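Since the model is a prediction, treat every value here as computed from it, not as a measurement. All ligand and atom numbering here is 1-based and tracks the order in the structure.
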Amino acid sequence: MRLRFKRRRFGQVAIASTLATMLESFRSKALAQSQPQSPSVQTPAISNVVDVKLRVNGVEHALKIEPRVTLLDALRERLDLTGSKKGCDHGQCGACTVLIDGRRVNSCLTFAIMHTDSEITTIEGLAKGDNLHPMQAAFVAHDGYQCGYCTPGQICSAVGLVNEGQAKSDDEIRELMSGNICRCGAYPNIVAAVRDVLGGKKDAAV
Ligand code: FES
Ligand code: FES
């Protein structure tokens, strides 16, 4: 009787042990499947760098960049022209506005490689030596800025607006400058500056 009991007890222990081993095996397999692949997958080396020539503020620059590099990043990160600001990087604030062949463009929304035949003007290229561009001088005269973060984009955009020749009233200035956001709310002074320059339009073209 006692021997039978021992055998039964031994059998129970053996089954429990087998079950535990099986469960552990299942658990290990499931864990292995849920883990990402081992780091043997290598990131491919960047190989699609291309030669790009950009003419900025009258100076030609030869760059080696990927085709996906925006004009804003090329200006700021490669040419050290940090006047153009990266506010939103999504075409919503206008802080990155530059002039391409005299037309205002959000440089965060266009690729540098698309402008190899263009004349690009940034805020750094508007003044002639010590002489401020008329739009820069008007912004100073009218206090058209507070923190100054949006100002390079505002000024380039305002120069583009004058080149377009469409704004005839303060309302039209406000409407045509609406792509340039000023978080400091310097709008009345900005409109006053643009209005002044529109009066002397010939001097303001780029
Ligand atoms: S950074 Fe280009 S529109 Fe805001
Ligand atoms: S002056 Fe500060 S955001 Fe326009």
Does [X] use its side chain to pair, donor to acceptor, with the backbone of [Y] at less than 3.5 Å?
{"X": "Asn180", "Y": "Gly153", "value": "yes"}
{"X": "Gln166", "Y": "Leu161", "value": "no"}
{"X": "Asp101", "Y": "Ser118", "value": "no"}
{"X": "Arg104", "Y": "Val159", "value": "no"}

If you count every heavy atom of other residues, nucleotides or ligands that lies below 6.0 Å from Glu172 atom CD, does the total exceed 12?
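Result for CD/Glu172: enclosed.
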
Just verifying a value: how many Å separate Thr122 OG1 and Leu75 CG, rounded to the nearest 0.5 Å?
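Thr122 atom OG1 to Leu75 atom CG measures 6.5 Å (nearest 0.5 Å).
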
Nearest-0.5 Å distance that lies between atom CD in Glu60 and atom CZ in Arg55
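That separation rounds to 6.5 Å.
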
Could you tell me, atom by atom, which parts of ligand 1 come under 4.0 Å of a heavy atom of [X]?
{"X": "Asp89", "result": "1 (S), 4 (Fe)"}
{"X": "Gly87", "result": "1 (S)"}
{"X": "Gly91", "result": "3 (S)"}

So what does the Cys88 SG - atom 4 (Fe) of ligand 1 - Cys93 SG angle come to, to 10°?
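It rounds to 110°.
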
Is any protein N, O or S atom closer than 2.8 Å to atom 4 (Fe) of ligand 2, and if so, which?
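Listed by chain and number, the atoms are Cys150 SG, Cys182 SG.
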
Look at the side-chain heavy atoms of Ile, Leu, Val, Met, Phe, Trp and Tyr, link any pair under 4.5 Å apart, and say whether Tyr187 and Ile155 land in one connected group.
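Per the 4.5 Å side-chain linkage, Tyr187 and Ile155 are not co-clustered.
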
Mind reading off the angle at atom 2 (Fe) of ligand 1 between the SG atom of Cys108 and the SG atom of Cys96, rounded to 10°?
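The angle at atom 2 (Fe) of ligand 1 comes to 100°, rounded to the nearest 10°.
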
